[in-house]
Amino acid sequence: QVQLVESGGGLVQAGGSLRLSCAASGSIFSLNAMGWYRQAPGKERLLVAVITSGGSTNYADSVKGRFTISRDNAKNTVYLQMNSLKPEDTAVYYCNTVPVPKGSWGRGTQVTVSS
(Lines give C-alpha, C1' and ligand atoms only; values in the text may rest on other atoms or scores of the structure.)
Protein backbone atom coordinates (compact mmCIF):
# COMPACT_ATOMS: atom_id res chain seq x y z
CA GLN A 1 0.00 0.00 0.00
CA VAL A 2 1.16 3.52 -0.72
CA GLN A 3 2.63 5.36 2.24
CA LEU A 4 2.26 9.14 2.32
CA VAL A 5 4.25 11.69 4.33
CA GLU A 6 3.18 15.32 4.33
CA SER A 7 5.38 18.23 5.40
CA GLY A 8 5.74 21.99 5.13
CA GLY A 9 2.93 23.24 7.34
CA GLY A 10 3.28 25.87 10.01
CA LEU A 11 1.95 29.07 11.52
CA VAL A 12 1.60 32.03 9.18
CA GLN A 13 -0.16 35.36 9.20
CA ALA A 14 -3.08 36.05 6.93
CA GLY A 15 -1.81 36.95 3.48
CA GLY A 16 1.26 34.79 3.85
CA SER A 17 2.40 31.73 1.91
CA LEU A 18 3.38 28.14 2.57
CA ARG A 19 4.51 25.28 0.37
CA LEU A 20 3.43 21.79 1.32
CA SER A 21 5.09 18.60 0.12
CA CYS A 22 3.86 15.04 0.07
CA ALA A 23 6.27 12.16 -0.49
CA ALA A 24 4.70 8.92 -1.63
CA SER A 25 6.18 5.46 -1.68
CA GLY A 26 5.26 2.92 -4.26
CA SER A 27 4.93 2.93 -8.00
CA ILE A 28 1.22 3.72 -7.80
CA PHE A 29 2.01 7.43 -7.52
CA SER A 30 2.84 8.05 -11.18
CA LEU A 31 -0.26 6.20 -12.41
CA ASN A 32 -2.84 8.10 -10.41
CA ALA A 33 -4.31 11.50 -9.98
CA MET A 34 -3.21 12.97 -6.67
CA GLY A 35 -5.02 15.39 -4.44
CA TRP A 36 -4.61 17.57 -1.41
CA TYR A 37 -7.32 17.27 1.20
CA ARG A 38 -7.83 19.32 4.33
CA GLN A 39 -9.71 18.82 7.55
CA ALA A 40 -10.57 21.66 9.90
CA PRO A 41 -11.40 20.94 13.56
CA GLY A 42 -14.82 19.38 13.88
CA LYS A 43 -15.35 19.23 10.13
CA GLU A 44 -15.12 16.56 7.47
CA ARG A 45 -12.08 16.06 5.27
CA LEU A 46 -12.48 17.91 1.97
CA LEU A 47 -10.62 17.69 -1.32
CA VAL A 48 -9.19 21.09 -2.31
CA ALA A 49 -6.83 20.43 -5.21
CA VAL A 50 -6.28 17.69 -7.79
CA ILE A 51 -3.59 16.96 -10.33
CA THR A 52 -3.85 14.17 -12.87
CA SER A 53 -0.99 11.94 -13.94
CA GLY A 54 -0.74 14.13 -17.04
CA GLY A 55 -0.58 17.37 -15.08
CA SER A 56 -4.10 18.74 -15.45
CA THR A 57 -5.32 20.52 -12.33
CA ASN A 58 -8.57 21.37 -10.64
CA TYR A 59 -9.38 23.30 -7.48
CA ALA A 60 -12.16 23.83 -5.00
CA ASP A 61 -13.74 27.26 -5.36
CA SER A 62 -12.50 28.20 -1.90
CA VAL A 63 -8.83 28.00 -2.97
CA LYS A 64 -8.99 28.74 -6.68
CA GLY A 65 -6.56 31.47 -7.68
CA ARG A 66 -4.60 31.17 -4.43
CA PHE A 67 -3.36 27.55 -4.34
CA THR A 68 -1.31 25.73 -6.97
CA ILE A 69 -0.82 21.97 -7.05
CA SER A 70 2.11 20.38 -8.86
CA ARG A 71 3.86 17.03 -8.98
CA ASP A 72 7.27 15.55 -9.67
CA ASN A 73 6.75 11.96 -10.81
CA ALA A 74 10.48 11.25 -10.72
CA LYS A 75 10.49 12.07 -7.01
CA ASN A 76 7.05 10.61 -6.23
CA THR A 77 6.18 13.96 -4.69
CA VAL A 78 3.21 16.29 -4.95
CA TYR A 79 3.29 19.91 -3.84
CA LEU A 80 0.79 22.54 -2.82
CA GLN A 81 1.82 26.18 -3.07
CA MET A 82 -0.53 28.24 -0.93
CA ASN A 83 -0.59 32.01 -1.32
CA SER A 84 -2.79 34.74 0.14
CA LEU A 85 -3.66 32.48 3.04
CA LYS A 86 -6.77 33.18 5.07
CA PRO A 87 -7.72 32.14 8.61
CA GLU A 88 -10.33 29.81 7.10
CA ASP A 89 -7.51 27.84 5.46
CA THR A 90 -6.50 26.63 8.92
CA ALA A 91 -6.65 22.82 8.86
CA VAL A 92 -4.61 19.65 8.75
CA TYR A 93 -3.62 19.01 5.15
CA TYR A 94 -3.29 15.50 3.70
CA CYS A 95 -2.49 14.07 0.30
CA ASN A 96 -3.79 10.90 -1.31
CA THR A 97 -4.88 9.49 -4.63
CA VAL A 98 -8.03 10.74 -6.32
CA PRO A 99 -10.89 9.97 -6.66
CA VAL A 100 -10.46 6.97 -4.36
CA PRO A 101 -7.89 7.38 -1.60
CA LYS A 102 -5.74 4.30 -2.10
CA GLY A 103 -2.90 5.16 0.24
CA SER A 104 -2.70 4.91 3.98
CA TRP A 105 -3.56 8.33 5.36
CA GLY A 106 -0.48 10.03 6.73
CA ARG A 107 -0.37 12.24 9.79
CA GLY A 108 -0.94 15.28 7.66
CA THR A 109 0.66 18.66 8.19
CA GLN A 110 -0.92 21.40 10.28
CA VAL A 111 -1.49 24.78 8.68
CA THR A 112 -2.53 27.59 11.00
CA VAL A 113 -3.31 31.04 9.65
CA SER A 114 -3.60 33.86 12.15
CA SER A 115 -5.67 36.96 11.49
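- The structure places CD of Q110 at 7.0 Å from OG1 of T90, a figure rounded to the nearest 0.5 Å.
- For the pair R38 and V63, the minimum side-chain heavy-atom distance is below 4.5 Å.
- Linking ILVMFWY residues whenever their side-chain heavy atoms come closer than 4.5 Å, directly or via other members, leaves Y94 and L18 in distinct clusters.
- Of the inter-residue distances, the one linking N58 atom CG with L47 atom CG reads 8.5 Å to the nearest 0.5 angstrom.
- Listed for the E6 side chain is a donor-acceptor partner under 3.5 Å among the backbone atoms of C95.
- Within the model, atoms CG of N96 and SG of C22 stand 8.0 Å from one another, a figure rounded to the nearest 0.5 Å.
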Quick one: do W36 and F67 satisfy ring pair (Phe, Tyr, Trp, His ring centres under 6.0 Å)? Show the steps, please.
CA-CA 10 Å; W36 281 97; F67 290 11; 9.8 Å; no

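- For T97 (side chain) and K102 (main-chain N/O), a donor-acceptor pair under 3.5 Å exists by modelled atom type.
- V50 and A33 get closest at one heavy-atom pair: CG1-CB, 4.4 Å.
- Around NZ of K75, the count of heavy atoms belonging to other residues, nucleotides or ligands within 6.0 Å does not exceed 12.
- A pairwise comparison of heavy atoms in S115 and A14 identifies CA-CB, 4.4 Å as the closest pair.
- How far OG of S21 is from CG of L80: 9.5 Å, rounded to the nearest 0.5 Å.
- For the pair R71 and M34, the minimum side-chain heavy-atom distance is below 4.5 Å.
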Full working for side chain to side chain contact (heavy atoms under 4.5 Å, CB included) between Y93 and Q39:
CA-CA 7 Å; Y93 285 72; Q39 186 168 21; over 6 Å; no

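- Counting heavy atoms from C-beta on, the side chains of V111 and L20 come closer than 4.5 Å.
- If you chain together hydrophobic residues whose side chains sit under 4.5 Å apart, Y37 and V92 fall into the same group.
- Closest of all the heavy-atom pairs between S70 and V78 is O-CG2, 3.1 Å.
- The cluster map of Ile, Leu, Val, Met, Phe, Trp and Tyr, joined by side-chain heavy atoms under 4.5 Å apart, puts V98 and V5 in different clusters.
- A cation-pi contact links R19 to Y79, judged by a cut-off of 6.0 Å to the six-membered ring centre and 45° from its axis.
- The closest side-chain heavy-atom distance from S17 to M82 is not below 4.5 Å.
- Here OG of S56 is found 8.0 Å from CD1 of I51. Values are rounded to the nearest 0.5 Å.
- Qualifying salt bridge (charged side-chain N to carboxylate O under 4.0 Å, His left out) partners for R66, counting only residues two or more places apart in sequence or in other chains: D89.
- Note on Y59 and V48: same hydrophobic cluster, where clusters join Ile, Leu, Val, Met, Phe, Trp and Tyr whose side-chain heavy atoms are under 4.5 Å apart, directly or indirectly.
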